[in-house]
Every structure is written in structure tokens, then in C-alpha cells.
Amino acid sequence: MADINLLTPGRIDGFDTPNRIFMAPMTRSRAHAGGVPSELAITYYAQRASVGLILTEGTAPSAVGLGYARTPAIHRQEQIDAWKKITSAVHAKGGHIFLQFMHVGRIASALNRYTDEPPVAPSVVKAAGQMWTDQSGLQDFDTPRALELNEIPGVIEEYAQATRNALAAGFDGVELHSASGYLPMQFLSTGTNKRTDAYGGSVTNRIRFVVEALEAMIAAAGSSERVGIKISPAMPFNDCTDDDPIETYTTLVKAISPLNLAYLHALRTTIPNTFELLRPLFKGPFAAGGGFDFEKGNALLASGGADFIVFGKLMTSNPDLPHRFASGADLTTWDAATFYTPGEKGYTDFITV
Ligand SMILES: Cc1cc2nc3c(=O)[nH]c(=O)nc-3n(C[C@H](O)[C@H](O)[C@H](O)COP(=O)(O)O)c2cc1C
């Protein structure tokens with residue numbers, strides 16, 4: 001393992017990767033109304049096809065799962081058709097691309113949605129904070145309703161159907177967004193999950209939703225090689241808190257290790273030794289993300305601490321990041337002001353060198 005670096009070819013169960021670089025899932029808020037990804041996204045993702053694996057922006061598996069302005073979904077045919085153009089463009093350049101499923105749960109505003117249904121969550125716990133709406137600027141999060149026990153299989157089936165849709169759209173696989181305080185993490189965390197049934201209380205019960213969603217996605221994909229997961233232990237984002245994140249995430253990772261997933265993608269947040277803690281508990285490929293640069297990425301790979309490194313902000317402004325690393329070319333600094341603004345600026349207009 002000692003000679004592995006960011007530019008060493010790798011392998012995820014289903015395919016070879018030209019390097020150890022993943023593009024992080026990043027919401028860019030350029031989709032059309034109704035959750036349809038834009039034509040600009042074809043160029044954006046194709047420009048970044050030289051990474052080992054592209055993870056798309058968070059994409060809603062259902063209308064109820066969509067919470068942010070101008071974000072995409074994958075439950076309607078016109079959405080699937082638009083995604084097909086994106087996967088074709090990435091494949092034409094020899095790249096691989098997984099779709100990230102982002103069911104926001106309680107992190108939503110009615111103004112951003114195309115359904116009249118209220119947001120759903122494990123429990124009626126409103127998130128503190130606000131989100132952007134194009135109509136009225138920043139708005140408080142809506143209060144969610146709690147999912148009834150007999151509704152949970154239906155929510156899990158939405159992930160299964162979305163998996164079938166993603167494969168029909170040409171994706172190489174799908175990633176369950178179980179991080180950043182969205183629905184799966186709301187089930188995992190004691191601050192947001194106050195249930196007293198089989199999906200709440202003990203850690204075994206709190207991880208049940210995530211395990212069942214992964215199992216349903218694997219069954220729908222027909223292969224565990226096409227399913228990954230992202231976690232962010234102890235991330236306070238979106239007002240998510242947990243009494244004992246180390247217990248929660250060590251239990252979760254042990255439970256999902258036997259599923260033979262394509263990879264475990266872990267974002268380092270407030271637990272400094274996240275990777276050291278979790279990697280030994282997971283037998284498949286391990287992708288580490290959060291604040292990496294060339295030196296830090298190479299150091300973690302060389303130490304055997306991860307198999308892949310996930311780059312977020314640097315990928316926004318350096319579409320040819322593997323080439324820049326290989327050639328030693330200067331990196332372009334990202335532009336946070338255009339992360340979520342419509343149009344080409346800060347999206348498809350960064351140069352390759
Ligand atoms: C503009 C922007 C949008 C993001 N959207 C998502 C998202 O949709 N899904 C997700 O899992 N993480 C999202 N993230 C987090 C990134 O995937 C990544 O974990 C984070 O940026 C840390 O990596 P970095 O330090 O290399 O940027 C987003 C980050 C940024 C900067």
C-alpha cells in the first residue's frame with residue numbers, strides 16, 4: 001500500500017479508475033423548475049470526467065425529498081431523460097459517474113418544492129436555521145411531520161425506484177447521502193430521532209432506516225457494486241446533533257460492512273480521527289473527504305488510511321484536477337460566491353490547463 005498516491009490507478013468493484021480522485025457531490029443550484037437538470041450540467045460534468053469517479057450533486061429520489069431551490073430529482077421521466085445526456089457525455093470522455101440521492105427530510109421550504117406535501121422526518125423536530133428561496137430570500141425551515149411506521153417502507157421504496165431510474169439514465173451507480181443532516185442522518189441522530197418504535201431509541205433501531213435503504217438500493221440495482229454511501233459523523237450542519245456519534249457510526253459501519261458496497265465515503269468533521277476509527281471496521285474501498293489538497297491526499301493514501309480521496313471545492317474551479325496534480329500546474333482558487341448562482345459563471349467557465 002505504501003506506494004499508492006492520488007495518481008495511482010484504482011479499482012472499485014465494478015470498474016477500474018485512472019486515479020484515486022473522486023469528485024465530491026456538490027449542489028450547484030442550476031437545475032430547471034421541476035427538478036430537471038440543466039443543459040449546462042452536461043458540460044460541467046463532462047469537463048470533470050478525468051477523475052476516478054464523479055459523484056453528482058444531491059438529487060431528490062422523490063418530490064417530497066426535494067428541499068432546495070433549483071436542485072434536481074430523478075423520479076419523473078423528463079428528469080431521467082435529462083440525466084441521460086449527462087451520463088452519456090461523461091462516458092464519452094471515458095469517465096464514471098454515480099448519482100447521489102439526497103432526501104432532505106426536514107431541511108426544506110415549501111417555496112422551493114413542486115409538491116404540496118409537507119416535509120417528512122423521523123420526528124416532529126423543526127430545524128433551527130434558514131434556507132434560500134428565490135421568491136422570498138432566506139426563510140425558516142418548515143416544520144416536518146413525522147413519518148408513520150407504516151409509511152417507512154414506502155420511503156425506502158422511493159430510493160429503490162430512484163435506483164432503477166438512475167440505472168436507466170446510464171449512471172454507473174448510486175450513493176446514499178447519509179450525511180449533512182438530511183433524512184438518513186435524521187434517523188441516525190438522537191437529536192432528530194425521538195421515535196419509540198423499531199426506527200428509534202437504541203442505536204440498532206436508529207441505524208435501521210439506513211441499512212434498509214441500502215439493502216433496497218442493492219436489490220434494485222441487482223448488485224452491491226453499484227451502491228455507495230456517504231456519512232459525516234458528528235457533523236452539526238443543519239442543526240443535527242447526536243448524544244454518542246462514535247457509538248452510532250461504529251455500529252453503522254460494522255452493520256453495513258457485510259453488504260459489499262462499492263465504497264464507504266466518509267467526511268471528516270468534528271471527530272478528528274474519523275478515518276482511523278472507521279476504516280478498520282469497513283472491509284471495502286474507503287473514500288475520505290474534507291479539506292484535502294495534493295499533499296494531504298497523498299499522505300493519507302500512502303499511510304494506507306484510505307483508498308480514494310474526495311475533493312469538493314477544488315473540483316469546482318479545477319475541472320482538470322488530476323492533470324494539474326500530475327503536471328504540478330497551479331490550482332485555481334474556488335469562487336464561493338458562485339457556488340449556488342444560476343448560469344455559467346463559476347460553473348462551466350473555469351479553464352483547463
Ligand atoms: C457548493 C457545495 C455544495 C455541496 N453540496 C453537497 C451535496 O449536494 N451533497 C453532499 O454530500 N455534500 C455536499 N457538499 C459537501 C462536499 O461534498 C464535501 O464533503 C465538502 O465540500 C468537503 O470537501 P472539500 O473540503 O474538498 O471541499 C457540498 C459542498 C460545496 C462546497
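In listed order, ligands and their atoms are each counted from 1. These numbers were taken from a predicted model, which means no experiment stands behind them.
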When you measure from the centre of the six-membered ring of Tyr347, is the NZ or CZ of Arg30 under 6.0 Å away and within 45° of the axis? yes
Hydrophobic cluster membership, with links at side-chain heavy-atom distances under 4.5 Å among I/L/V/M/F/W/Y: are Ile12 and Leu301 in one? no
Under 6.0 Å between the ring centres of Phe275 and Phe282? no
For Phe171 and Trp83, I'd like to know if the aromatic rings sit close, meaning centre-to-centre distance below 6.0 Å. yes
Does Leu277 reach the side chain of Thr250, with side-chain heavy atoms less than 4.5 Å apart? yes
Give me the pairs of N or O atoms, one from ligand 1 and one from the protein, that sit under 3.5 Å apart.
{"unit_1": "ligand 1", "atom_1": "5 (N)", "unit_2": "Thr27", "atom_2": "N", "d": "2.8"}
{"unit_1": "ligand 1", "atom_1": "8 (O)", "unit_2": "Thr27", "atom_2": "N", "d": "3.2"}
{"unit_1": "ligand 1", "atom_1": "8 (O)", "unit_2": "Thr27", "atom_2": "OG1", "d": "2.6"}
{"unit_1": "ligand 1", "atom_1": "8 (O)", "unit_2": "Gly58", "atom_2": "N", "d": "3.2"}
{"unit_1": "ligand 1", "atom_1": "9 (N)", "unit_2": "Gln100", "atom_2": "OE1", "d": "2.9"}
{"unit_1": "ligand 1", "atom_1": "9 (N)", "unit_2": "His177", "atom_2": "NE2", "d": "3.3"}
{"unit_1": "ligand 1", "atom_1": "11 (O)", "unit_2": "Gln100", "atom_2": "NE2", "d": "2.9"}
{"unit_1": "ligand 1", "atom_1": "11 (O)", "unit_2": "His177", "atom_2": "NE2", "d": "3.0"}
{"unit_1": "ligand 1", "atom_1": "11 (O)", "unit_2": "Lys230", "atom_2": "NZ", "d": "2.9"}
{"unit_1": "ligand 1", "atom_1": "12 (N)", "unit_2": "Pro25", "atom_2": "O", "d": "3.2"}
{"unit_1": "ligand 1", "atom_1": "12 (N)", "unit_2": "Lys230", "atom_2": "NZ", "d": "3.0"}
{"unit_1": "ligand 1", "atom_1": "14 (N)", "unit_2": "Pro25", "atom_2": "O", "d": "3.4"}
{"unit_1": "ligand 1", "atom_1": "17 (O)", "unit_2": "Pro25", "atom_2": "O", "d": "2.7"}
{"unit_1": "ligand 1", "atom_1": "17 (O)", "unit_2": "Lys230", "atom_2": "NZ", "d": "3.0"}
{"unit_1": "ligand 1", "atom_1": "19 (O)", "unit_2": "Lys230", "atom_2": "NZ", "d": "3.0"}
{"unit_1": "ligand 1", "atom_1": "25 (O)", "unit_2": "Gly291", "atom_2": "N", "d": "2.7"}
{"unit_1": "ligand 1", "atom_1": "25 (O)", "unit_2": "Lys313", "atom_2": "NZ", "d": "3.1"}
{"unit_1": "ligand 1", "atom_1": "26 (O)", "unit_2": "Gly312", "atom_2": "N", "d": "2.8"}
{"unit_1": "ligand 1", "atom_1": "27 (O)", "unit_2": "Lys313", "atom_2": "N", "d": "2.9"}
{"unit_1": "ligand 1", "atom_1": "27 (O)", "unit_2": "Lys313", "atom_2": "NZ", "d": "2.9"}

From the list His96, Arg226, Glu225, side-chain contact (heavy atoms from CB on, under 4.5 Å) partner of Asp172 resolves to His96
